[in-house]
Amino acid sequence: MEENRQVYLDYSATTPVKREVLDAMLPYFTENFGNPSSLYTVGQKSKDAIRTARDQVAGLIGAQPSEIFFTSSGTEADNWAVIGAAMWKRGKGKHVITSAIEHHALLHSGDHLEKEGFDVTYLPVDAQGFVRPDDLEKAIRDDTTVVSIMFANNEIGTIQPIAELCRIARAHGVLFHTDAVQALGNVPIDVNGLGVDMLSMSGHKIYGPKGVGALYVRKGVNLPAYMQGGAQESGKRAGTENLTGIVGFGKAAELSGQNLEKHIAGLRGLRDYLLEKIRAEISDIRVNGSLESRLPGNLNVTFKYIEGEAILLLLDMAGIAVSTGSACSSASLTPSHVLDAIGVPVEEIHGSIRFTVGDFTTKEDIDYTVEALKTAVSKLRGISSLSRDSGF
Ligand SMILES: *Cc1c(COP(=O)(O)O)cnc(C)c1O
């Protein structure tokens, strides 16, 4: 095995900042450092840069620039959309609908609302991770005010039928939000075609910097402000803007939009190659989630009879970065709520690994990874107490 080879297959956790993105950001740390709210030239330059970034992010999802509100993260966008909309509409009712496989940014917003006296329905998903439109239809009540269903899942990559789900919510006069953090830059998105009221995005999942996100809010949806203070973000999100972050996010959004189809085809090719090789080299595996409506870079595989954490550590020793289930629960042994929701037995959840390829992944990276994986799996199965031979 080669020494010191580094292979990053965790693009759903975060992505490196692209060179062009960094280059676009750098001047705004130093010579163009002005406060966008200042009236003199250096401030206005900053204001112009934010305007450009807003155009770029809006362009990626077919929105108007005035419908884009920059935030500190995808997490903040999710909290603002769901908690903000629920609080805003609480005179009408206190029922919110989401799904069982949301990111923690959404699930914990739901917990928060429950503590505030709201009723939250967590829709189940089928064995491939899809929310059934019928289930949504049945769950909507007179007091339902907000539905939030993620666009694409971060663990198993399932892409939901968002347009259809959105149509159902809106037919009942209910606001529809989607967490599109994973979908952005990996799925063509047109907010008007979909009909969504709110949509969350994050910079660091699309080769932009960490600590910046955005919430799309459809014109006419008068979501209350998230932060109180100055007049930034049309008075909705006060605080001096993360100028460099916003500039970087804008540039990353522009680059994502330029080669979207090619990017998608490239990732899909690499992902399918990885799956093919794993299938050819390793027995007793199962792919989790749908292979049809799935993020192009995502592969989630169960290696039966062994622990994913042990595989992860052996791969890490070979310089390969992958993830078990979701990064958020990787510090603990809590089984992934997503794999649980699609019916993966608990001992198999613990044997599951998420691989996500990205723009810098090569075929050689995948060849190297499958070799290391083969070695790791046979080593672990040799000592596994869960192995078939032990009669488990
Ligand atoms: C990463 C992620 C988030 C959180 O975005 P941050 O910018 O890291 O806060 C939310 N939802 C999904 C689906 C994600 O993958």
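Atoms considered below: every heavy atom in the structure, side chains included; atoms not considered: hydrogens, waters and symmetry mates. Both ligands and their constituent atoms are indexed starting at 1 by order of listing.
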Contact set, ligand 1, heavy-atom distance under 4.0 Å, ordered by chain/number, equals Ser73, Gly74, Thr75, Asp78, His103, Met150, Asn154, Asp179, Val181, Gln182, Ser202, His204, Lys205

Please list all pairs meeting salt bridge (charged side-chain N to carboxylate O under 4.0 Å, His left out) that have one or both residues in residues 357-366, counting only residues at least two apart or in different chains. Arg5-Asp365, Lys18-Asp359

We want to know whether Thr158 and Ser290 form a side-chain donor-acceptor pair, criterion being a heavy-atom distance below 3.5 angstrom. no

Applied to residues 263-289, the ring pair (Phe, Tyr, Trp, His ring centres under 6.0 Å) test, sequence neighbours excluded, yields none

If the plane angle is over 60° it's perpendicular, under 30° parallel, otherwise tilted; pick one for Tyr207 and Phe360. perpendicular

Applied to residues 235-248, the salt bridge (charged side-chain N to carboxylate O under 4.0 Å, His left out) test, sequence neighbours excluded, yields Glu76-Arg237

Modelled atom types, side-chain donor and acceptor of Asn288 and Thr302, under 3.5 Å: yes

